[in-house]
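Have a look at the structure below before the remarks.
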Amino acid sequence: MNYWLVKSEPDDFSLKDLEALGSDGEGWNGVRNYQARNFMRDDMALGDLVLFYHSSCKQVGVVGIAKVVKTAYPDPSQFDPDSKYFDSKATVDTPRWFQVDIAFERALRRVPLSAMKANAKLAGLALIKASRLSVMPVSTEHFAEILKMGEVT
DNA sequence: GCCAACGTTGGC
DNA sequence: GCCAACGTTGGC
């Protein structure tokens, strides 16, 4: 079992939006960063748990947990000329971008970015290392610690 | 809205 | 293959 973190702008797509989609979840499309793509394409497995992070908003932080319900397949938006994610260099035979499906698992009490930065146990977390990655791995220890911080007591 | 960080592109 | 210019992300 691997653990992950994905970022989403809640104005665009929030945890509540994911929850509303039920157990089929959502295709995590539009990722256009090679490192993030490689994580999804090569390493994400069925049942992996994913911290859901709200970025670019008033209250940034981890707000819940999602689960990988479908492993990597080509991101259809790369083939759609009307999509803002269209990539003219991608073809059906040689897709460039991949996505997985994730579904809502449960909400957490929000764990603010500031609290994660202040927690010495979370040193080295990719999120804190100012990475602009939108999909990143999280160690088992870091995942457990963030979960602990987000449990409603 | 500002701006720092940093990934990507393209000329050479 | 280097590196400057450019565009995007994302916290504040």
Side-chain angles (χ1 to χ4, degrees), chain A residues 2-21 25-44 48-68 72-139 141-151:
Chain A
N2 293 311
Y3 299 100
W4 307 94
L5 182 147
V6 299
K7 294 177 182 173
S8 186
E9 299 186 17
D11 291 344
D12 186 41
F13 190 85
S14 71
L15 184 69
K16 283 239 181 298
D17 294 328
L18 185 65
E19 183 173 13
L21 292 174
E26 166 81 348
W28 208 245
N29 66 2
V31 172
R32 294 295 180 267
N33 169 285
Y34 288 105
Q35 226 184 327
R37 177 204 69 181
N38 293 346
F39 286 135
M40 288 199 293
R41 187 189 60 187
D42 304 334
D43 301 321
M44 272 197 184
D48 280 1
L49 295 179
V50 180
L51 296 168
F52 199 94
Y53 179 87
H54 280 174
S55 68
S56 297
C57 59
K58 285 234 175 76
Q59 302 193 306
V60 296
V62 171
V63 292
I65 302 188
K67 187 168 68 176
V68 175
Y73 59 100
D75 177 344
S77 66
Q78 70 193 303
F79 309 125
D80 176 5
D82 295 327
S83 168
K84 66 172 173 172
Y85 299 121
F86 178 66
D87 185 338
S88 60
K89 291 177 186 153
T91 68
V92 176
D93 287 337
T94 56
R96 177 178 290 194
W97 304 110
F98 289 79
Q99 66 185 66
V100 299
D101 287 358
I102 64 170
F104 177 82
E105 188 74 9
R106 65 194 178 91
L108 295 172
R109 185 178 59 184
R110 186 177 65 95
V111 181
L113 177 62
S114 57
M116 290 189 276
K117 283 180 175 171
N119 186 338
K121 288 182 186 164
L122 296 180
L125 189 68
L127 181 72
I128 293 171
K129 286 189 290 181
S131 172
R132 293 179 309 145
L133 267 182
S134 59
V135 176
M136 68 190 78
V138 176
S139 72
E141 294 75 19
H142 285 165
F143 184 87
E145 180 64 20
I146 293 168
L147 209 61
K148 204 167 92 185
M149 295 168 79
E151 296 296 353

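Within every chain, numbering begins at 1; the chains are lettered A, B, ... in the order of the sequence lines, protein sequences first and strands thereafter. Atoms considered below: every heavy atom in the structure, side chains included; atoms not considered: hydrogens, waters and symmetry mates.
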Aromatic rings A/Phe52 and A/Trp28: how do their planes relate, parallel, tilted or perpendicular, breaks at 30° and 60°? perpendicular
Side chain of A/Ser55 (C-beta onward), nearest among C/dC12, C/dG10, B/dT8: C/dG10
Rounded to whole Å, the CZ-P distance (A/Arg32 to C/dG10) equals 15 Å
Mapping A/Gln35 and A/Lys89 onto DNA chain B by nearest heavy atom, which one lands closer to the 5' end? A/Gln35
Side-chain donor-acceptor pair under 3.5 Å between A/Arg132 and A/Ser55, yes or no? no
Nearest whole angstrom, please: distance from the P of C/dG10 to the CD of A/Glu9. 7 Å
Counting only side-chain heavy atoms from C-beta out, which of C/dG10, C/dC12, B/dT8 sits nearest to A/Arg132? C/dG10
note: A/Trp97, atom CH2; B/dG7, atom P; distance rounded to Å ~ 13 Å
Starting at atom CG of A/Leu113, determine the distance to atom P of C/dT9, rounded to an integer number of angstrom. 18 Å
Any side-chain N or O of A/Lys7 less than 4.0 Å from the OP1 or OP2 oxygen of C/dG11? no
Quiz question: by atom type and distance under 3.5 Å, do the side chains of A/Asp80 and A/Ser77 form a donor-acceptor pair? no
Between CG of A/Asn33 and C1' of B/dC6 the distance, given in whole Å, is 10 Å
How would you label the contact of A/Leu127 with the nucleic acid (heavy atoms, under 4.0 Å): base, sugar-phosphate, or nothing? nothing
If you look at every strand shown and take non-hydrogen atoms under 4.0 Å, does A/Lys58 touch a base, only sugar-phosphate, or nothing? nothing
Spacing between A/His54 atom NE2 and C/dC12 atom P, to the nearest angstrom: 17 Å
Going by atom types alone, do A/Asp101 and A/Tyr73 pair a side-chain donor with an acceptor below 3.5 Å? yes
d(CG, A/Asp11; P, C/dG11) in whole Å: 13 Å
With a sphere of 6.0 Å drawn around CD of A/Glu145, does it hold more than 12 non-hydrogen atoms of other residues, nucleotides or ligands? yes
Over how many whole Å does the gap from A/Gln59 atom CD to C/dG10 atom C1' extend? 16 Å
C/dG11 OP1/OP2 closer than 4.0 Å to side-chain N/O of A/Tyr53: yes
